Visitor: 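Structure incoming, see below.
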Number of protein chains: 2
Amino acid sequence: MGASLSDVANRAGVSTATVSRALRGLPSVAEGTRLRIVRIARELDYTITPSASRLASGRTHTVGVVAPYVNRWFFGEVIFGVEEVLRSRGFDLLLYNLADATSRDRFFDAMPLRRRVDAVAVLSMPLSPEQAAVLSGLDVPLGLVGADAEGFACVRIDDVAGAGSAVRHLIMLGHRDIAHISGGGPATHSFTTPRDRARAYRDVLEDAGIGYRPELEAVGDYTVAGGERAMSALLSGATRPSAVFAQSDEMAFGAMRAIRHSGLRVPEDISVVGFDNHELADVLDLTTVEQPVAEQGNLVAQILLDLVESGGEPPPTMTLPTGLVVRGSTRPVSPR
Amino acid sequence: MGASLSDVANRAGVSTATVSRALRGLPSVAEGTRLRIVRIARELDYTITPSASRLASGRTHTVGVVAPYVNRWFFGEVIFGVEEVLRSRGFDLLLYNLADATSRDRFFDAMPLRRRVDAVAVLSMPLSPEQAAVLSGLDVPLGLVGADAEGFACVRIDDVAGAGSAVRHLIMLGHRDIAHISGGGPATHSFTTPRDRARAYRDVLEDAGIGYRPELEAVGDYTVAGGERAMSALLSGATRPSAVFAQSDEMAFGAMRAIRHSGLRVPEDISVVGFDNHELADVLDLTTVEQPVAEQGNLVAQILLDLVESGGEPPPTMTLPTGLVVRGSTRPVSPR
DNA sequence: TTGAAAGCGCTAACAA
DNA sequence: TTGTTAGCGCTTTCAA
């Protein structure tokens with residue numbers, strides 16, 4: 001049905017090689033020839049057949065995006081940012097959502113990305129050394145959002161600084177019994193985000209002379225339900241915290257609900273700080289740590305496409321700034 | 001670097017055609033031959049080169065997914081559902097996010113999906129007749145979530161029934177001054193969802209003998225900020241509503257915030273009902289209309305792949321049920 | 001600046 | 001059940 005390169009070549013009275021060069025904008029085509037070819041191609045409604053081009057050139061003009069979730073706020077934003085850049089530069093975006101361990105294993109075992117993409121972006125997903133090695137074996141530029149890894153172009157925030165600002169805010173409000181809802185269970189153990197944020201929580205408490213008490217920590221799994229469970233557990237502990245720092249806004253939302261369900265109020269009885277500045281943090285009046293999210297997607301995509309097009313080594317990790325957004329969910333500790 | 005079909009064929013002492021057949025599981029290969037070939041392919045770490053396969057066969061094993069947003073709850077869930085089915089059946093998912101009119105125009109003008117996909121799924125996006133025609137021109141199975149259209153395999157909910165149940169709930173609670181925050185501006189005019197929900201709002205009011213008053217309607221654009229603006233406008237109107245039905249939970253969240261900012265309370269002063277059962281509706285205690293979201297993605301993907309693999313005509317529209325979820329944001333009207 | 005020709009790695013008739 | 005033989009539609013040397 002559709003016209004092919006040779007149709008255009010015949011009509012223009014030139015070889016397919018010239019048409020190919022003209023349409024790709026290569027320099028070695030006379031301007032008149034190019035104009036004529038472009039006009040004829042348009043007349044014939046010519047469209048390149050990607051698979052033929054890919055087979056002949058070896059370039060796929062496609063970037064694989066691997067995410068542990070596509071249906072959470074943070075990931076939707078990052079994917080948005082990545083897609084924006086890819087589309088504007090004429091690249092396809094191949095999406096892989098690896099929610100559970102099974103699909104993750106299957107993915108890294110079969111590695112469906114082989115010979116299929118020019119670059120891969122991994123979004124805030126814990127990567128075992130073996131998995132990182134499998135990706136390296138693809139022999140294409142690799143990008144990573146939300147962590148550092150050897151051989152990857154990394155875009156991230158300073159989790160230690162961000163989490164530190166949240167905990168210091170609570171300390172400055174006079175809180176001493178500050179609980180922590182962390183993200184990662186054992187599955188995410190190798191990932192830096194939960195570790196860094198947890199470390200900042202502990203270090204800031206130690207530095208303030210408050211000391212870190214393990215019984216004030218609970219795991220929330222980065223979900224609303226997980227945050228709710230974690231907060232319930234904390235509330236039934238021996239020490240009732242006067243404030244809680246959650247490693248994500250979703251967990252903070254869950255924590256707020258648990259607090260209310262137990263008959264307490266936010267912030268009168270317990271202050272809550274989250275992390276992300278989720279689009280609904282404002283609605284829920286949640287104090288949180290803001291991070292640029294879509295921008296991280298933009299950046300990693302840009303870096304990857306530059307590497308694809310110009311080669312070279314991955315640049316040093318880009319660390320973007322965070323900021324504390326104070327809203328109504330935190331207030332000075334009240335005397336008991 | 002990687003082994004090719006002919007490497008496997010040489011090693012196995014058969015032709016490339018036999019290797020191709022064996023690896024694809026075609027019936028006409030002796031079991032012993034197949035086993036040997038599969039073993040050798042594994043030994044050689046053979047991976048198919050998709051572009052070669054696509055060029056030779058004409059099948060891309062790829063589905064294009066076109067969405068107006070990837071970073072909103074509803075769309076994230078649908079994409080999740082689509083991806084799940086595609087990955088399980090070995091298809092690639094090519095994602096296109098067309099947030100603004102410019103990118104939409106460019107997309108339909110250049111139609112980058114040509115010769116690139118075996119099917120296309122359009123997610124809750126208004127389609128002009130011209131745009132629908134461009135897609136039809138791709139000559140591949142077409143799917144649509146959230147609306148009906150000739151020539152598309154459609155998966156949707158009954159928006160009229162869903163919205164009707166929300167408004168009837170308010171009427172049953174004794175409300176008479178029921179406002180409506182609608183989704184669509186002029187840009188989405190051709191799309192059925194906002195129209196159907198708006199129609200249900202009006203019809204139910206009429207049927208209840210309450211009558212429909214245009215001054216109780218405002219446009220909220222399906223966003224939190226839009227819902228907030230719409231609610232503010234409604235609150236500064238002549239009649240203060242005692243209840244409001246928002247066409248999406250996000251707009252309902254915005255409305256709740258506007259209500260609180262104006263010094264009123266939900267539900268004491270104003271009841272609020274949303275639509276979607278967003279993951280945070282529960283956290284915000286929002287009464288809403290629940291719809292199966294990821295399931296719609298699952299279904300449209302399944303239907304499309306069946307059409308790709310077996311041909312045939314798109315099946316009739318699948319209409320999934322909705323349900324009213326009553327939470328704390330609605331209560332009987334209080335005497336003024 | 002252009003053309004001829006040889007693939008890229010696979011699939012699909014057709015034959016055997 | 002297997003092999004032979006053409007391509008699929010482009011890109012890319014190499015030569016002119």
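Bear in mind the structure is a predicted one, so any value in this text is a computation, not a measurement. Below, chains carry the letters A, B, ... as their sequence lines are ordered, and counting in each starts from 1.
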Visitor: Should A:V63 and A:L305 count as side-chain neighbours, where that means a heavy-atom distance under 4.5 Å?
Guide: yes
Visitor: More than 12 foreign heavy atoms under 6.0 Å from CD of A:E150: is that the case here?
Guide: no
Visitor: Hey, does A:P314 have a side-chain heavy atom less than 4.5 Å from the side chain of A:L142?
Guide: no
Visitor: What's the closest nucleotide to the A:S4 side chain, out of D:dT1, C:dG3, D:dG9?
Guide: D:dG9
Visitor: Check whether any side-chain nitrogen or oxygen of B:S20 sits under 4.0 Å from OP1 or OP2 of C:dT11, and answer yes or no.
Guide: yes
Visitor: Does the base of D:dG3 carry an N or O that pairs as donor and acceptor with the side chain of B:R21 under 3.5 Å?
Guide: yes
Visitor: Considering only heavy atoms, which members of residues 32-61 of chain A lie under 4.0 Å from some atom of DNA chain C?
Guide: A:T33, A:L55, A:A56
Visitor: Look at the side chain of B:T60 and the backbone N and O of B:D118, then say whether any donor-acceptor pair between them is shorter than 3.5 Å.
Guide: yes
Visitor: Take the protein atom CZ of B:R116 and the nucleotide atom P of D:dG9, then report the distance between them rounded to whole Å.
Guide: 16 Å
Visitor: Checking salt bridge (Lys or Arg N to Asp or Glu O under 4.0 Å) against A:D92, which of A:R116, A:R87, A:R54 comes through?
Guide: A:R54
Visitor: Please report the distance, rounded to the nearest Å, between CZ in A:R115 and P in C:dC8.
Guide: 12 Å
Visitor: Using atom CD of A:E31 as one end and atom C1' of C:dT1 as the other, report the distance to the nearest whole Å.
Guide: 13 Å
Visitor: Say whether B:S103 and B:D100, considering side chains only, have a donor N or O and an acceptor N or O under 3.5 Å apart.
Guide: yes
Visitor: So what does B:A30 touch, heavy atoms closer than 4.0 Å: a base, only the sugar-phosphate, or nothing?
Guide: sugar-phosphate
Visitor: For C:dG3 and A:T18 - does any side-chain N or O of the residue sit under 4.0 Å from the phosphate oxygens OP1/OP2?
Guide: yes
